[in-house]
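The sequence lines fix the lettering, A, B, ..., with proteins before strands; numbering per chain opens at 1. Just so it is clear, the structure is predicted and the values come from calculations on it, not from any experiment.
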There are 2 protein chains.
Amino acid sequence: MYFWRNLYPLTRSEENYIKAIFHLGGNASTSVATNAIAEEMDTKPSSVTDMAKKLADKGLVNYVRYQGVLLTEKGIKTALGIIRKHRLWEVFLVKKLDFSWDEVHEVAEQLEHIKSEKLIDKIDELLEFPKYDPHGDPIPTKNGEFQERDKQLLSEMPLSSTGICVGVKDSSSSFLKFLDKNQIALGETIQILDKEDFDDSLLIKIAEREFHISHQIAANLFVKKNS
Amino acid sequence: MYFWRNLYPLTRSEENYIKAIFHLGGNASTSVATNAIAEEMDTKPSSVTDMAKKLADKGLVNYVRYQGVLLTEKGIKTALGIIRKHRLWEVFLVKKLDFSWDEVHEVAEQLEHIKSEKLIDKIDELLEFPKYDPHGDPIPTKNGEFQERDKQLLSEMPLSSTGICVGVKDSSSSFLKFLDKNQIALGETIQILDKEDFDDSLLIKIAEREFHISHQIAANLFVKKNS
DNA sequence: ATCAATTTTTAGATTTGTCTAAATTTTTAT
DNA sequence: ATAAAAATTTAGACAAATCTAAAAATTGAT
Ligand SMILES: [Mn+2]
Ligand SMILES: [Mn+2]
Ligand SMILES: [Mn+2]
Ligand SMILES: [Mn+2]
């Protein structure tokens, strides 16, 4: 019966593409370019084209030749399901198994593909329904509700304002290790004491300590402005 | 560089074959037949032949045409690693997430392929280094030590002897649910009160209750004889 | 020892996911 | 408006894992 062959479940590769498209903004209204997906997934554009057709067949994306893809409702639901699993597993690894926040991503990349609704709901319950992952990213609920946090980059905050550190833009191990080394953790209050015009570096105060950080650091730290 | 292409890590399929071969006694001295593997894995013998060659190339089995396969030292190590993961995840699901023992196998089949030594060692630690899985099967240590339990089938115990229920031979959901329904759990003491010659059924006493069980039930329950 | 039954392997396809190289379409710059 | 550049798709290939059908080897029964 070839008609409804292999519609479900999704393969690991299909799931990874869906997630990548979501991260590139494929839930909005302007479509995501083939090359952008190829870069994000570290594959070739021709492979992306092949997959775009397959995902379109399955009703997960709308695909127009030479114009890229957009997630359908179903595609968005799917993406949120995978992201939910990824982030819950990250919380699990940190809270229950003492992983540090720079080690969890790689393992979560594997765990996010485990197929068991009961499993992830039980993990959610065990963790007492966390709202954010270790990097400050919001965790979609079981019903696919998903709220981006009110946040802005530290580099965009005005001089002498204060805010609470709520997330990172770059989750690379090297950046996270840098933050650990300098005792910059989520939840800390940061005050901008000075800005250097020459290189946009900042003098900040955090937990009674004052020090300089480069623009590159500030441009990868999210803070919530104190209201 | 095609010489050392794809030696590691093992694919999910390769891991499943290794595990199946181990379960069929591939660590002993008489080799495992192609057909037996095909049956165990629910594939065709021709597929098994293909895989046997691949595993032999990787040094995991010794394969002689028309004579089946035997695990090498390396193959045995690999099998024990996968079995360790499978059983630890089963314990985790039961102890930490309140799964019942008849639901865990399917999910553990997926989780056993997650590649992270740290992850499984941390799970082991969280569970306080359990020796047996929910079905009474022994869990290999990190170093691959593996001790089969001293046990025998209830059906082979002599009349009026008593023993402690320590495991199941059949882990099918229907059998496990039957045991739950009749409150036969691992750790309980069972006494054989009577044997029926006609159909080999038994009258047993367990937790102050007496009742009849068929030979088929008794032939799938492991007990440890009281010394 | 012979021959039939059984087991196992080979040959040739198929599906999924990937690649390279060439062709095509779209975009951008003049 | 045209041409060059960039993006995208197509065509054709390959590796992994599977299958079916046919061939070959082994086993077992007389
Ligand atoms: Mn991550
Ligand atoms: Mn994260
Ligand atoms: Mn199991
Ligand atoms: Mn088990």
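Atom CG of A:Asp57 and atom C1' of C:dT16 are 14 Å apart (whole Å). If you measure from atom NZ of B:Lys53 to atom P of C:dA11, you get 8 Å, rounded to the nearest angstrom. Counting to the nearest Å, the P atom of C:dT18 and the CD atom of A:Glu14 are 10 Å from each other. Between B:Ile37 atom CD1 and D:dT18 atom C1' there is a gap of 16 Å when expressed in whole angstrom units. Between the CG atom of A:Asp50 and the P atom of D:dG12 there is a distance of 14 Å, given to the nearest Å. If you measure from atom OH of B:Tyr63 to atom C1' of C:dT7, you get 11 Å, rounded to the nearest angstrom. Remark: P of D:dA15 and NZ of B:Lys58 are 14 Å apart, rounded to the nearest angstrom. The interatomic distance linking B:Lys44 (NZ) with D:dC19 (P) rounds to 7 Å, in whole Å.
The shortest distance between the side-chain N/O atoms of A:Ser47 and the OP1/OP2 oxygens of C:dC19 is below 4.0 Å. Taking only side-chain nitrogens and oxygens, A:Asn35 never comes nearer than 4.0 Å to OP1 or OP2 of D:dA6.
The A:Thr34 side chain lies nearest to D:dT9 when the options are D:dT18, C:dC19, D:dT9.
Atom NZ of B:Lys74 is surrounded by more than 12 heavy atoms from other residues, nucleotides or ligands within 6.0 Å.
The residue A:Ser46 sits close to a base: some heavy atom pair falls under 4.0 Å. Across all strands, A:Ser13 comes closer than 4.0 Å only to sugar-phosphate atoms, never to a base (heavy-atom distances).
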Please tabulate the protein-to-nucleotide N/O contacts below 3.5 Å involving nucleotides 25-29 of chain D, giving atom names and distances.
{"residue": "D:dA25", "atom": "O4'", "partner": "B:Tyr66", "partner atom": "OH", "Å": "3.2"}

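Both B:Thr49 and A:Met41 sit near DNA chain C, but only B:Thr49 has its closest nucleotide nearer the 5' end.
Below 30°, between 30° and 60°, or above 60°: for B:Phe22 and B:Phe146 the angle between ring planes is above 60°, a perpendicular geometry. The aromatic rings of B:Trp89 and B:Phe92 lie perpendicular to each other, with more than 60° between the two planes, well past the 30° mark.
Of all heavy-atom pairs between B:Lys85 and B:His113, the closest is NZ-C, 4.3 Å.
If you check the side chains of B:His215 and B:Glu196, you find no donor sitting under 3.5 Å from an acceptor.
Side chains of A:Asp200 and A:Ser155 form no contact here, defined as non-hydrogen atoms less than 4.5 Å apart.
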| query | So B:Leu221 and B:Leu153, side-chain contact (heavy atoms from CB on, under 4.5 Å) or not? Walk me through it. | reply | CA-CA 6 Å; B:Leu221 265 182; B:Leu153 291 174; over 6 Å; no
